[in-house]
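Here is the structure we will look at, set down as structure tokens.
Throughout, numbering of the chain's residues begins at 1 and tracks the sequence.
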Amino acid sequence: MVPHTYHELRSRLRIALALNAVIIVAEFVGGFLTNSIGLIGDAGHNLVDQGSLFLALYAHILTARPATDSRTFGYHRAGIVAAFLNSFILLLTAVGITIMSAQRILTPVPIPGGWVMLIALISFVANLSIALLLQHGAKDDLNIRSAFWHMLSDAWVSLGVVVSGGAIMLTGWSVLDPLVSLFVVLAIVRGAWPLFKESLEVLLESTPPGVSPAQVAATIESIPGVKNVHDLHIWAVEPRLIMMTTHVQVDGDDEALTSELLHTIRERITTDFGIKHLTIQLETECCHPEAVHCDLSKLHDQHSHPEFLHSHH
């Protein structure tokens, strides 16, 4: 049965889509009528956010589907792919806003600051409300966190436009409209870059942060009865689903002893490193002990002595 929180989060994503659609229309029309690059840029940013929200909702629905013969891990990676695309597009959006702002600084046009301020204020409140709707789900879900950062960064964009609109209304300096947008770009990049990096690491199947393969191997090899650990791989299907596979060479071939040893290894790794999805192959001897993967310590020797690598080709 799907948890209640899943249905609640899905409903919040749908509300966020509806609110964001209203913002997009209001800012595009308002920006066109007032010649405000800030409003038009914010509307474009919100249009990107609309895509991110659609992706978040789609990926969130997919991750609830069970595994199949063709997708034995289910659809957990769908959220990571969406998060990667969202953060990448957000970084491109920051570049686009920078270029448009630079052009408007060079060729400023008259802007009615009062109207800009009013429209941007409405957008700010709506964007912040959407971000708050998604805040709880963003704590544990990288994909929802991506959508959360999209909306929160756009709230900052809207606030910047509010400030520039008020300043233009008081001073008549239209150049403030693109200038404020440049400062807001920094907030966008600050939120998008860590998300981009984290999702990329998952897609590259890098070792999850906070987990050291060397420490995992040392922990297993410290257990009495274990001779050697090799073919150790640790990766994440998504940040909450860390996987590990390894071969463990053990003493003796007593079935009862090795079963107990396997249980001990699994318990130690789960307790010490939080890895619950384990595939461990016990061996009484390594079939090819000369290979590097059969002795992880050889990796260190290989990097320390390059001639080691050449001698094994």
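When all heavy atoms of Trp173 and Ile168 are compared, the closest pair comes out as O-CG1, 3.2 Å. Considering every non-hydrogen atom in both Pro112 and Thr34, the closest pair reads CD-O, 3.3 Å. The minimum heavy-atom distance between Thr246 and Val248, with the atom names listed, is CG2-CG2, 4.0 Å. Contact record, Met117 with Met169: SD-CE, 4.1 Å, taken as the closest heavy-atom pair. Closest heavy-atom contact between Val237 and Val202: O-CG1, 3.7 Å.
Criterion: ILVMFWY side-chain heavy atoms under 4.5 Å apart, direct or through other members. Under it, Leu152 and Leu19 are part of a common hydrophobic cluster. Using a 4.5 Å cut-off between side-chain heavy atoms of Ile, Leu, Val, Met, Phe, Trp and Tyr, with links allowed through other members, Val81 and Leu92 fall into the same hydrophobic cluster. Note on Leu176: it does not cluster hydrophobically with Val163, by side-chain heavy-atom contacts below 4.5 Å among ILVMFWY residues. In the hydrophobic clustering of this structure, Leu128 groups with Ile15; members are Ile, Leu, Val, Met, Phe, Trp, Tyr whose side-chain heavy atoms approach within less than 4.5 Å, directly or through other members. In the hydrophobic clustering of ILVMFWY residues, with side-chain heavy atoms under 4.5 Å counting as a link, Leu91 and Leu200 come out together.
Partners of Trp193 under the ring pair (Phe, Tyr, Trp, His ring centres under 6.0 Å) rule, at least two apart in sequence or in another chain, are Phe196. Under the salt bridge (Lys or Arg N to Asp or Glu O under 4.0 Å) criterion, Arg268 pairs with Asp272, not counting sequence neighbours.
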Is there a side-chain contact (heavy atoms from CB on, under 4.5 Å) between Ile265 and Ile280? Walk through the geometry before answering.
CA-CA 9 Å; Ile265 293 172; Ile280 301 172; 3.6 Å; yes

Please assess Asn127 against Leu159 for the test side-chain contact (heavy atoms from CB on, under 4.5 Å), listing each intermediate value before the final yes or no.
CA-CA 10 Å; Asn127 280 313; Leu159 184 60; over 6 Å; no

Evaluation steps, side-chain contact (heavy atoms from CB on, under 4.5 Å), between Glu198 and Ser87:
CA-CA 10 Å; Glu198 183 178 355; Ser87 56; over 6 Å; no

Would Thr245 and Asp231 count as a side-chain contact (heavy atoms from CB on, under 4.5 Å) here? Give the steps.
CA-CA 7 Å; Thr245 64; Asp231 278 357; over 6 Å; no

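Atom CH2 of Trp235 has more than 12 heavy atoms from other residues, nucleotides or ligands within 6.0 Å.
Side chains of Leu278 and Thr270 form a contact here, defined as non-hydrogen atoms less than 4.5 Å apart. At a threshold of 4.5 Å between non-hydrogen side-chain atoms, the residues Met244 and Leu232 count as touching. Pro208 has its side chain within reach of Ile234: a pair of non-hydrogen atoms, C-beta onward, lies under 4.5 Å apart. Within the 4.5 Å cutoff, the side chain of Phe273 has heavy atoms near those of the Thr219 side chain.
Note that NE2 of His233 is 7.5 Å distant from NE2 of His247, once rounded to the nearest 0.5 Å. Residue Leu241 holds its CG atom at 11.0 Å from CD1 of Ile275, rounded to the nearest 0.5 Å.
For the side-chain contact (heavy atoms from CB on, under 4.5 Å) criterion with Val250, the lone passing option out of Leu261, Leu262, Ile223 is Leu261.
With hydrogens and angles disregarded, no donor-acceptor distance shorter than 3.5 Å links the side chain of Ser123 to the backbone of Ile119.
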